[in-house]
Amino acid sequence: QAQALVAGAGDVSILLGQGSYFCRRRSEQAVVRAGAKKNALDRSVVAYLFSCALQSPLGITSDIASAAWGRFGFNSVKNWRRMMRSDHRDCLGERCPLRQLSPFFRARQEANTAQVVITNHDLALKWPVSRPAHVVIDEAHDLEDSATRALSRSAKREAFAMALLDGDTSAHPKASARVAEIQQHN
């Protein structure tokens with residue numbers, strides 16, 4: 001659906017979360033791992049996913065994996081898909097020698113110049129690129145909860161009390177006693 005929506009529209013871009021895209025480096029590592037296995041099914045799944053990822057214009061894992069599920073079964077595909085998708089925890093970012101081949105970074109570049117960006121509620125609130133003229137928010141029904149999480153901050157009671165008192169409890173004996181009580185419980 002996403003590919004049909006943006007086909008031929010140079011000023012429209014889709015930007016999903018990083019984990020929604022295949023990572024070329026992680027995919028190549030999965031090919032090596034699968035090649036070392038004796039299980040022919042694992043080798044076939046990885047070869048299929050890798051081949052489809054290379055041919056996919058967007059590199060979105062769900063588009064590719066859904067076709068693989070019908071061919072190989074859900075359980076066979078899900079673990080390999082997880083290993084092959086981009087992950088912020090081990091992404092090399094600017095240092096990655098395969099960055100130019102990354103569907104995620106390519107999508108971010110396209111989103112930087114697009115007039116219209118289609119994205120999910122989380123990315124709309126934590127925008128990683130320059131703001132487009134128009135944003136279409138997928139999963140907008142979750143926008144309120146995401147906004148609350150993104151814009152909320154938590155603090156320990158002691159820090160909150162000190163902030164209210166501007167750090168000076170001497171003029172407020174009851175507050176000073178309460179801060180001391182809170183400090184004892186922590």
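When reading the values below, keep in mind they use all heavy atoms of this one structure, side chains included, and skip hydrogens, waters and symmetry mates. Sequence positions, counted from 1, serve as the residue numbers for this chain.
A distance of 9.0 Å separates CG of Asp11 from NE2 of His134, quoted to the nearest 0.5 Å. For the atom pair Thr113 OG1 and Arg108 CZ, the distance stands at 13.5 Å (nearest 0.5 Å). In this structure, CZ on Arg43 lies 10.5 Å from NZ on Lys37, to the nearest 0.5 angstrom. Rounded to the nearest 0.5 Å, atoms SG (Cys23) and CZ (Arg85) are 12.0 Å apart. To the nearest 0.5 Å, atoms OG1 (Thr119) and CD1 (Ile14) are separated by 9.5 Å. Expressed to the nearest 0.5 Å, how far CZ of Arg26 lies from CZ of Arg33 amounts to 7.5 Å.
Scanning for side-chain contact (heavy atoms from CB on, under 4.5 Å) contacts around Ser102 gives Phe104, Phe105, with sequence neighbours left out. For Asp138, there are no side-chain contact (heavy atoms from CB on, under 4.5 Å) partners, not counting sequence neighbours.
Taking each heavy atom of Ser13 and Ala111 in turn, the nearest pair found is OG-N, 3.5 Å. Of all heavy-atom pairs between Glu28 and Leu98, the closest is OE1-CD1, 3.7 Å. When every heavy atom of Arg106 is checked against every heavy atom of Pro57, the shortest pair comes out as NH2-O, 3.8 Å. Contact between Ala34 and Val46 at its shortest, heavy atoms only, is CB-CG2, 3.6 Å.
Side-chain contact annotation: Glu144 with Thr148, donor-acceptor N/O pair under 3.5 Å absent.
Judged purely by atom type and a 3.5 angstrom limit, Ser44 uses its side chain to pair as donor or acceptor with the backbone of Ala40.
No side-chain heavy atom of Ile137 sits under 4.5 Å from any side-chain heavy atom of Asn120.
Listed by first then second residue, pairs satisfying side-chain hydrogen bond (donor to acceptor under 3.5 Å, both in side chains) with a partner in residues 71-82 read Asp42-Trp80, Thr61-Arg81, Asn79-Arg82, not counting sequence neighbours.
Leu92 and Leu101 fall into different hydrophobic clusters, where Ile, Leu, Val, Met, Phe, Trp and Tyr side chains are chained together by heavy-atom contacts under 4.5 Å. Taking hydrophobic clusters as Ile, Leu, Val, Met, Phe, Trp and Tyr residues chained together by side-chain heavy-atom distances below 4.5 Å, Leu16 does not share a cluster with Ile64. At a threshold of 4.5 Å between side-chain heavy atoms, the hydrophobic network of Ile, Leu, Val, Met, Phe, Trp and Tyr places Phe72 and Leu49 in one connected group. Transitive grouping of hydrophobic side chains (ILVMFWY, heavy atoms separated by less than 4.5 Å) brings Phe50 and Val77 into a common cluster. Each of Tyr21 and Met84 belongs to its own hydrophobic cluster when Ile, Leu, Val, Met, Phe, Trp and Tyr are linked at side-chain heavy-atom distances under 4.5 angstrom.
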